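In this text, all values refer to a predicted model and were calculated from it rather than measured experimentally. Proteins come first, then strands; the chains are lettered A, B, ... in the order of their sequence lines, and each starts at number 1.
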2 protein chains.
Amino acid sequence: MSTRIRVGIVGYGNLGRGVETAIGLNPDMELVGVFTRRDPQSVQTVGENTQAFTMSELDRDRDDIDVLILCGGSRSDLPEQSPAQAGRYNIVDSYDNHAHIPEHFAAVDAAAQTAGTTAVISTGWDPGLFSLNRVFGESIIPQGATYTFWGRGLSQGHSDAVRRVPGVAAGVQYTLPSETAIERVRAGENPELSTRERHTRECFVVLEEGADAEQVRTDIVTMPDYFEPYDTTVHFITAEELARDHQGMPHGGFVIRSGQTSGGTTSEGTKQVIEYSLALESNPEFTASVLVAYARAAARMNRAGDIGAKTVYDVAPGLLSPLSPEELRKSYL
Amino acid sequence: MSTRIRVGIVGYGNLGRGVETAIGLNPDMELVGVFTRRDPQSVQTVGENTQAFTMSELDRDRDDIDVLILCGGSRSDLPEQSPAQAGRYNIVDSYDNHAHIPEHFAAVDAAAQTAGTTAVISTGWDPGLFSLNRVFGESIIPQGATYTFWGRGLSQGHSDAVRRVPGVAAGVQYTLPSETAIERVRAGENPELSTRERHTRECFVVLEEGADAEQVRTDIVTMPDYFEPYDTTVHFITAEELARDHQGMPHGGFVIRSGQTSGGTTSEGTKQVIEYSLALESNPEFTASVLVAYARAAARMNRAGDIGAKTVYDVAPGLLSPLSPEELRKSYL
């Protein structure tokens, strides 16, 4: 590839900042700038030379952008932005509202087909890399069971739920995969696992002055849907401890496919286990890194005339790499 | 997909038998038969209804075969068979002579381009799934290190080497990944690891009558290339123990990519670790299962007009699954 892939970032929160940083680690890519709904003057970018523009700058069909990476939220930003921007640019998004992916795909595909752009939707790690590994696992071992475990990781939604409990001044929640469950799956037992058996939840809470710790604990662990179905541990800590120990956004998890390739499904069968796992110190930076690799693929697919909406299932893995097919065959196969 | 994919197996050793079994677990595929250089009458197939044919049957351009899975060896079978059969049929092979893959690709590609066939070469797990994960890892985390560990697994080549030692009546060799090394890699240390630090080797040996055990042990552990660079353990067992405990062909291993997405490469940086691992009770059955999934992809790519030699890097992952793109997006993403 002789010329660099020119990338625009739409939306500038943790994910957008992660994309900015990731582009700096990929010498075949360059950042055009950040497009934001905020006042561009007010945006503090990671890189001092990063330019910030208003979103409306994108309306004029800029010809200096090969692909836009959309870093907005799945609830209200992406359902609107992805089809709109795919009508002008190649895009990549991380739309993660699993139940609505087919609609999102259809809306983006219609826009991309009309405009002749390429749009990779719902990438990142779940949906994304985990989705890929679920399909690799089932395609290779058709007779078996697939398990996804998340964690240890900070859950934004559950942390918000903790913070809404009366008496809680601040707090975070981590989702932990059950080690016992993972060991049973790794051993090829193909267990049936209840919600409570798969994950546990751990909360670190700073109490408001005068709050009743036991009442707060009870309110958290009995909260329907969020905590009641799990074994939940609540730790009370100081505001200083929260600031010192819980500012990171770690996450990760496991996709395990376990099955038998012969001899039936009992313990007599020939067991085969595929395990894929992520241990991430920064969830947004890692997700951003995946988006950047898929942005490379989107630009290449578009150049090759492969237009429309795509998911990770449609992208040949070699397209993610800056290396040529010849180099990959020679040095990586 | 309304009609089943019709598969022929070329070569009928452990791998060919694994393919036969795997096809039985994939309802969208059917086995045309086994093509062998032996007398077809003498071939004992796994399935009672499996037909065996002479290799020359393939010369007449049979129109009842959608894809051939070549199950011969990389030393002398595949360099000849893959280009020859790609001149008539879509093929999949497991060519694993890493240093010669570019030549093999070129020879197969020339034949496939002329004939309009699709030929997926060098698939299985290494080369194959491990190759994919090395490239996913480096594409997503450009700043870091990639580690491949093999085992615990039976090594055919090293077992042969053990059996050539004077005084050895029979024996097997297992390659073991170093747990210490893996833990250091998982911890994100990005260590430099010597050959001796990555793997150890374990031999189970049946002595010939009157053989000097200590001499045999010394001859094994000091054998250049094969054992000298490793910490090697030799266990002496009886022929009965060998038959009882060492008939399986387990294998597996780990591909770990560890790096930093921000903050530099020291321990201050933001560490991210991707780990892919396989724990296989039967290496040939698992390899066969991968070949069958790629045979599905080869047949589909050919139908879509995507001809020539391909590797795992060129195959969109969704093509491996019997499910439609719509089903994958709805239920797996």
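- Across all their heavy atoms, B/A119 and B/A112 have their closest contact at CB-CB, 4.4 Å.
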Original post:
Yes or no on side-chain contact (heavy atoms from CB on, under 4.5 Å) for B/F136 and A/L132, after CA distance, side-chain angles and deciding distance?
Top reply: CA-CA 11 Å; B/F136 272 110; A/L132 276 179; 3.6 Å; yes
Original post:
Do A/V185 and A/F149 pass the side-chain contact (heavy atoms from CB on, under 4.5 Å) test, and can you show the C-alpha distance, the side-chain angles, and the key distance before you say yes or no?
Top reply: CA-CA 11 Å; A/V185 169; A/F149 295 95; 4.0 Å; yes
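- The line from CG of B/L31 to CD1 of B/I23 is 4.5 Å long, rounded to the nearest 0.5 Å.
- Heavy-atom distances place the side chain of A/L129, and not its backbone, under 4.5 Å from chain B.
- Only the backbone of A/V315 comes within contact range of chain B, judged by heavy atoms closer than 4.5 Å.
- The greatest number of non-hydrogen atom pairs below 4.5 Å with chain A, out of B/I141, B/L319, B/L328, is found for B/L328.
- Taking each heavy atom of A/V108 and A/A86 in turn, the nearest pair found is CG1-CB, 4.1 Å.
- B/L278 touches chain A through backbone and side chain together, each having a heavy atom under 4.5 Å away.
- Neither the backbone nor the side chain of B/L323 comes within contact range of chain A; no heavy atom of the residue lies under 4.5 Å from a heavy atom of that chain.
- Listed here is the closest heavy atom pair of A/V19 and A/C71: CG2-SG, 3.8 Å.
- The minimum heavy-atom distance linking A/G124 with A/V290 is given by the pair O-CG1, 3.4 Å.
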Scan chain B against chain A and return every donor-acceptor pair whose distance is under 3.5 Å.
from   : atom 1 : to     : atom 2 : distance (Å)
B/S131 : OG     : A/L333 : O      : 2.6
B/R134 : NE     : A/Y332 : O      : 3.3
B/R134 : NH2    : A/Y332 : O      : 3.4
B/R134 : NH2    : A/L333 : O      : 3.4
B/E138 : OE1    : A/Y332 : OH     : 2.7
B/T261 : OG1    : A/E285 : OE1    : 2.6
B/S262 : OG     : A/E285 : OE1    : 2.9
B/S262 : OG     : A/E285 : OE2    : 3.0
B/K271 : N      : A/E281 : OE1    : 2.9
B/K271 : O      : A/E281 : N      : 2.9
B/Q272 : OE1    : A/E281 : N      : 3.3
B/Q272 : NE2    : A/S282 : O      : 3.1
B/V273 : N      : A/A279 : O      : 2.9
B/V273 : O      : A/A279 : N      : 2.9
B/E275 : N      : A/S277 : O      : 2.8
B/E275 : O      : A/S277 : N      : 2.8
B/S277 : N      : A/E275 : O      : 2.8
B/S277 : O      : A/E275 : N      : 2.8
B/A279 : N      : A/V273 : O      : 2.9
B/A279 : O      : A/V273 : N      : 2.9
B/E281 : N      : A/K271 : O      : 2.9
B/E281 : N      : A/Q272 : OE1    : 3.3
B/E281 : OE1    : A/K271 : N      : 3.0
B/S282 : O      : A/Q272 : NE2    : 3.1
B/E285 : OE1    : A/T261 : OG1    : 2.6
B/E285 : OE1    : A/S262 : OG     : 2.8
B/E285 : OE2    : A/S262 : OG     : 2.9
B/Y313 : O      : A/G318 : N      : 2.8
B/Y313 : OH     : A/Y332 : O      : 3.1
B/G318 : N      : A/Y313 : O      : 2.8
B/Y332 : O      : A/R134 : NE     : 3.3
B/Y332 : O      : A/R134 : NH2    : 3.4
B/Y332 : O      : A/Y313 : OH     : 3.1
B/Y332 : OH     : A/E138 : OE1    : 2.7
B/L333 : O      : A/S131 : OG     : 2.6
B/L333 : O      : A/R134 : NH2    : 3.4

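- Contact count against chain B (heavy-atom pairs under 4.5 Å) is highest for A/P317 among A/P127, A/P317, A/A288, A/G252.
- Here the closest non-hydrogen pair linking B/A293 and B/L320 is O-CD2, 3.6 Å.
- For B/V312, the parts lying near chain A are the backbone and the side chain together; criterion is any non-hydrogen pair under 4.5 Å.
- The residue among B/L280, B/L333, B/I121 with the most heavy atom pairs within less than 4.5 Å of chain A is B/L333.
- With a 4.5 angstrom heavy-atom cutoff, B/F286 touches chain A via backbone and side-chain atoms both.
- With a 4.5 Å cut-off on non-hydrogen atoms, A/I256 does not touch chain B at all.
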Original post:
Do A/V120 and A/V67 pass the side-chain contact (heavy atoms from CB on, under 4.5 Å) test, and can you show the C-alpha distance, the side-chain angles, and the key distance before you say yes or no?
Top reply: CA-CA 10 Å; A/V120 181; A/V67 55; over 6 Å; no
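- A/A22 does not touch chain B: none of its heavy atoms, backbone or side chain, sits under 4.5 Å away.
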**OP:** List the steps and the verdict of side-chain contact (heavy atoms from CB on, under 4.5 Å) for A/V292 and A/V7.
**Re:** CA-CA 9 Å; A/V292 168; A/V7 179; over 6 Å; no
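- Of the listed residues A/V255, A/I101, A/I274, the one with more heavy-atom pairs under 4.5 angstrom with chain B than any other is A/I274.
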